[in-house]
Amino acid sequence: MLGGRRGAIDATLPPVAFAVGWLSTGNSLVAGVAAAVLTGTAVALWRLRRGHRPRSVLVGLLAVCVAALIALRTGRATDFFLLQVLSNAASALAWVVSIVLRWPLLGVVVGTVLRQRGRWRRDRALLRAYSRASWVWAATYVLRVAVFVPLYLGGQVVALVVARVALTWPLVAAALAVSWPVIRRSLPAGHPGLRHPVTAPGTHHDQHA
């Protein structure tokens with residue numbers, strides 16, 4: 001969510017390199033893995049030189065390396081995408097659980113960015129708005145899983161790469177475009193907005209709930 005278009009591009013370059021290396025060498029898994037790791041390393045070095053946060057850069061590179069190791073271990077090209085399938089399934093579950101527990105992840109992310117800690121949760125209207133909009137984000141992960149799993153089970157390496165690209169930044173942009181109106185329409189007239197949670201007098205601090 002927070003990586004924006006840059007993060008989405010960084011995440012899709014290694015899988016594309018994997019497919020190119022795999023196809024251009026007559027379906028050589030080693031070549032595909034090498035291309036992906038080299039591309040991931042080049043992207044990481046480029047981002048580090050431009051002053052991006054080392055932690056996020058290294059996490060991205062680690063994900064590529066783990067995906068490569070899984071594929072080499074099993075000997076199946078589609079297993080390069082196994083981590084991607086599992087992470088999206090876990091993310092879908094996390095978003096749904098967060099809504100059920102009344103800690104919608106969209107509120108957590110936006111509240112953290114706005115340095116509100118748990119104050120947004122004490123605003124019932126804002127909590128409801130974040131919960132409704134979080135369903136939009138949960139749906140994006142469910143959609144990815146619904147697309148990725150059949151392709152993974154069918155051994156469709158190239159289709160997985162295409163789906164990975166198509167369902168990254170474009171899908172995030174669509175979720176942003178939909179979730180913002182959902183939040184606005186969920187807030188009552190006269191509400192001061194996301195930056196100014198309205199809390200009732202005497203409401204106890206619940207950030208540790």
Side-chain angles (χ1 to χ4, degrees), residues 1-25 27-29 31-44 46-47 52 56-57 59-71 74 76-96 98-99 105-106 109-110 132-183:
M1 280 180 63
L2 298 178
R5 185 176 297 159
R6 176 189 60 78
I9 292 174
D10 290 357
T12 54
L13 285 177
V16 170
F18 174 84
V20 171
W22 183 71
L23 289 172
S24 62
T25 57
N27 299 350
S28 169
L29 182 58
V33 164
V37 172
L38 287 174
T39 300
T41 302
V43 169
W46 171 255
R47 293 304 179 191
H52 293 279
S56 60
V57 172
V59 167
L61 179 58
L62 177 62
V64 175
C65 292
V66 171
L69 288 173
I70 293 173
T74 64
R76 298 179 58 215
T78 49
D79 281 343
F80 181 81
F81 303 91
L82 180 59
L83 184 62
Q84 165 188 326
V85 175
L86 295 177
S87 65
N88 277 280
S91 296
L93 180 61
W95 278 86
V96 172
S98 76
I99 298 169
L105 283 177
L106 187 59
V109 171
V110 177
R132 291 176 178 176
S134 287
W135 282 112
V136 175
W137 290 91
T140 64
Y141 291 101
V142 172
L143 175 60
R144 289 191 184 105
V145 172
V147 173
F148 291 156
V149 169
L151 296 177
Y152 171 79
L153 295 177
Q156 302 297 315
V157 175
V158 176
L160 278 167
V161 175
V162 173
R164 173 71 177 266
V165 174
L167 297 179
T168 304
W169 172 247
L171 189 58
V172 171
L176 284 169
V178 174
S179 58
W180 175 237
V182 169
I183 290 176

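On a predicted model such as this, the values are computed, not experimentally measured, just so you know.
Expressed to the nearest 0.5 Å, how far CH2 of W169 lies from OG1 of T12 amounts to 12.0 Å. Once rounded to the nearest 0.5 Å, the distance linking OG1 of T78 with CD1 of I70 reads 11.5 Å. Here the OH atom belonging to Y152 is positioned 11.0 Å from the CZ atom belonging to F81, to the nearest 0.5 angstrom. Separation of atoms OG1 (T74) and CG (L69) is listed at 11.0 Å; rounding is to 0.5 Å. Interatomic distance, CG of L83 versus CG of N88, reported as 9.5 Å (0.5 Å rounding).
No option in V37, V64, V33 other than V33 meets the side-chain contact (heavy atoms from CB on, under 4.5 Å) test with F18.
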Chi angles and distances behind the side-chain contact (heavy atoms from CB on, under 4.5 Å) call for T140, V172: CA-CA 8 Å; T140 64; V172 171; over 6 Å; no

Trace of the side-chain contact (heavy atoms from CB on, under 4.5 Å) decision for L62 with V66: CA-CA 6 Å; L62 177 62; V66 171; 4.1 Å; yes

Stepwise side-chain contact (heavy atoms from CB on, under 4.5 Å) test for I183 and L106: CA-CA 10 Å; I183 290 176; L106 187 59; 3.9 Å; yes

L176 and W137: CA distance, side-chain angles, deciding distance, side-chain contact (heavy atoms from CB on, under 4.5 Å) verdict: CA-CA 9 Å; L176 284 169; W137 290 91; 3.7 Å; yes

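Residues meeting the side-chain contact (heavy atoms from CB on, under 4.5 Å) test with S24, sequence neighbours left out: none.
Of the possible polar contacts, one joining the R144 side chain to the L167 backbone as a donor-acceptor pair under 3.5 Å is found. Under the 3.5 Å distance criterion, the side-chain polar atoms of S98 are matched with a main-chain donor or acceptor of L105.
Scanning all heavy atoms of the two residues, the minimum distance from A133 to S179 falls at CB-O, 3.8 Å. Listed here is the closest heavy atom pair of A36 and P14: CB-O, 3.5 Å. Smallest separation of non-hydrogen atoms from F80 and A67: O-CB, 3.3 Å. Heavy atoms only, all atoms of each residue included: A31 and G21 are closest at CB-O, 3.8 Å.
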Under 3.5 Å, sequence neighbours excluded: what are the donor-acceptor pairs made by side chains of residues 155-164?
from	atom 1	to	atom 2	distance (Å)
Q156	NE2	G154	O	3.2
R164	NH1	Q84	OE1	2.6
R164	NH2	A11	O	3.0

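Applying the salt bridge (Lys or Arg N to Asp or Glu O under 4.0 Å) test to every pair with at least one member in residues 76-88, sequence neighbours left out, gives these pairs: R76-D79.
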